[in-house]
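The first residue of the sequence shown is numbered 1, and numbering continues consecutively from there.
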Amino acid sequence: MAVNPGELGRKILLASRNELYLSMRYMDLAFSAFRYERNDGNGYAGTDGETIFYHPLFLAGLYEKDRFLVNRLYLHMVLHCIFRHLWKRNGREIRYWNLACDIVVESIIDNLNIRAVKMRTPGRRLYIYEELHKKQKVFTAERTYQYLLRFDPEDRMLSRLESEFLVDDHNYWYREKDRKKRQQQQNKWEDISNKTQTEMETFGREAGKDAGNLFETVKTENRERYQYREFLKRFAVLREEVQIDADSFDYVFYTYGLELYGNMPLIEPQEFKEVKKIEQFVIAIDTSMSCKGELVRSFLSETCAILRNSENFFRQMEIHLIQCDARIQKDDVVHNENELEQYVAGLTIQGGGGTDFRPVFEYVAGLREKGELADLKGLIYFTDGQGTYPKRSPGYDTAFVFMREADESDVKVPMWALKLVVEPDEFEKDAGREKERSAASCGGIYQDGGGDSNAY
């Protein structure tokens, strides 16, 4: 009896899924998360995060050549979803982004010690992995994308790289979907990714022995994300500020009074409103040789852009900007957004020695003893992380901020501190959004920007 080609393709995918499961039981949820749908209009296979679309003849030819190729294809698509590559492009150049995602996924599969996907790794791939390892300990699509941008291969070389790592069709990633549907799919895979990490931790030795660098990459991708703007709100204090409190205003009595007495309302809105904003704050800037001046400016421009939003800070505030390496180099105090903009524009980095975090905390402790920072709620330390940390908590929230351009994966901060990682390539994109918000609110256009980047 003749076999339906579509059904044959589905059976091949199911067989591949089952073989992968026997070798990687900690990924059961991920392997079982798809529907299968035949698509004769495309010569490859691909996924949109919900369905695996396949061409029957493509799958049959791949299976006939070597069933391990189908296993690698299936796992390749699963890893794209676990790392949420489908939803994280965010305006990045599409060819570089697609290639970066494929390189990361193939490097993980090539590194697996699992018979179901084990094949000889070509020397040209090993060379590329070696070059990338010089810049990053744990491969991620964002870091690899940054590497490709800096490397900027000519079109012929780019085509060769794409051909080398081409496995699935990424066109399904960018199909039109409503925002709610897209967010639901992303949330689903974020949940699957977190559960996969938990399963890998549970399986322990088995996962560690056979999974190569998969576990480290999953942990890196699953690091909790923050919006920098939202993170800064942790340091807010409650104060009364002169503004109309619309939330406590009852329009019923107001309009009733106008109707009853003509032009005399029975109630007027309160002129003071309790709000939570940032009043006192410390930004410490590591000026050691490893922290580049342009990265420091990007970080400060980011903060400056957030300050433009009056919802985050009081009109009068006190922000200490401390430059330091192994000792305090300079302490500048700004009191409003204009002063901060001027500081960023004229910033001159002072220092360049080694890094010691303790002098900053000792200096701030001295200011607090004098009563100068009595309401201090937090300190952000922009650094590469390579230095001597204080042994004890300073008594206020502290975050060490790393730029994702550096490999921060092996940097350990104290238990009492938070660790934030921001993406340098997000600044320019978010700056545009910040300009749009500012223009909409004040009817003008800002000439310089910043933005609220994703932090990891």
Side-chain angles (χ1 to χ4, degrees), residues 39 41-49 51-55 58 62 69 72-111 121-136 138-177 182 185-186 189 217 220-221 403-405 407 423-433 451 453-454 456:
N39 184 0
N42 194 301
Y44 289 97
T47 183
D48 62 355
T51 303
I52 289 180
F53 301 92
Y54 64 90
H55 191 293
F58 167 72
L62 209 62
L69 292 173
R72 289 175 67 99
L73 166 67
Y74 199 108
L75 181 57
H76 183 103
M77 293 185 287
V78 167
L79 292 179
H80 277 319
C81 294
I82 282 183
F83 301 144
R84 278 86 78 198
H85 291 162
L86 291 71
W87 305 280
K88 288 162 60 176
R89 180 188 161 209
N90 295 330
R92 296 181 175 97
E93 203 283 324
I94 190 167
R95 289 186 70 184
Y96 282 179
W97 176 248
N98 286 339
L99 176 57
C101 295
D102 281 337
I103 290 175
V104 169
V105 167
E106 284 299 289
S107 71
I108 290 172
I109 296 174
D110 286 336
N111 193 243
T121 305
R124 53 188 176 275
R125 286 194 177 194
L126 293 175
Y127 173 77
I128 294 171
Y129 299 156
E130 184 179 348
E131 289 298 305
L132 288 172
H133 269 301
K134 294 177 182 178
K135 299 293 183 181
Q136 48 184 311
V138 178
F139 288 2
T140 66
E142 291 84 357
R143 297 177 189 174
T144 305
Y145 175 83
Q146 283 295 313
Y147 176 86
L148 291 171
L149 280 182
R150 287 191 294 268
F151 180 57
D152 192 21
E154 61 181 21
D155 190 67
R156 182 178 177 185
M157 174 62 75
L158 183 60
S159 297
R160 287 174 60 186
L161 288 171
E162 289 172 327
S163 178
E164 174 64 40
F165 293 97
L166 176 64
V167 175
D168 63 332
D169 183 1
H170 293 183
N171 287 321
Y172 296 104
W173 298 7
Y174 310 119
R175 284 186 167 183
E176 286 294 328
K177 296 176 188 172
R182 190 173 180 83
Q185 289 185 347
Q186 184 175 357
W189 278 103
T217 308
T220 300
E221 294 288 356
M403 195 69 74
R404 176 58 71 87
E405 182 177 276
D407 184 13
E423 296 282 359
D425 68 309
E426 292 292 315
F427 286 150
E428 183 176 351
K429 174 190 58 178
D430 290 328
R433 286 201 294 263
S453 81
N454 287 331
Y456 292 72

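Between Arg95 and Glu162 there is a salt bridge, since a side-chain N of the basic residue sits under 4.0 Å from a carboxylate O of the acidic one.
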Discussion item. Does Asp169 form a side-chain contact (heavy atoms from CB on, under 4.5 Å) with Phe58? I'd like the steps, not just the answer.
Written reply: CA-CA 12 Å; Asp169 183 1; Phe58 167 72; over 6 Å; no
Worksheet item: Can you check side chain to side chain donor-acceptor pair (under 3.5 Å) on Asn98 and His85, steps first, answer last?
Response: CA-CA 9 Å; Asn98 286 339; His85 291 162; over 6 Å; no
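Between the Tyr145 side chain and the Glu93 main chain, a donor and an acceptor come within less than 3.5 Å of each other. Here the side chain of Ser107 pairs a donor or acceptor atom with the backbone of Val104 at under 3.5 angstrom. The main-chain N or O of Val138 is found under 3.5 Å from a side-chain atom of Arg143 such that the two form a donor-acceptor pair. Looking only at distances, no side-chain donor or acceptor of Ser163 sits under 3.5 Å from a matching main-chain atom of Ser159.
With a 4.5 Å cut-off on side-chain heavy atoms, His80 and His76 count as touching. Counting heavy atoms from C-beta outward, Gln146 and Gln136 have side chains that stay 4.5 Å or more apart. Annotation: side chain of Glu106 is not in contact with side chain of Glu164 (no heavy-atom distance under 4.5 Å). Under the 4.5 Å side-chain criterion, counting only non-hydrogen atoms from C-beta, Thr217 is in contact with Phe83. Side chains of Trp173 and Arg89 form no contact here, defined as non-hydrogen atoms less than 4.5 Å apart. By the 4.5 Å heavy-atom criterion applied to side chains, Leu99 and Leu158 are counted as neighbours.
The distance from atom CD1 of Ile109 to atom OG1 of Thr121, rounded to the nearest 0.5 Å, is 10.5 Å.
Using modelled atom types and a 3.5 Å distance limit, the side chains of Asn39 and Tyr172 yield a donor-acceptor pair.
In this structure, Arg92 forms a cation-pi arrangement with Trp97, its terminal cationic atom sitting closer than 6.0 Å to the ring centre and no more than 45° off the ring axis.
Around CZ of Arg175, the count of heavy atoms belonging to other residues, nucleotides or ligands within 6.0 Å exceeds 12.
Taking both residues in full, the closest heavy atoms of Trp87 and Asp48 are given as CZ2-O, 4.2 Å, listed atom of the first, atom of the second, then distance.
Residues satisfying the side chain to side chain contact (heavy atoms under 4.5 Å, CB included) criterion with Leu166, sequence neighbours excluded, are Tyr44.
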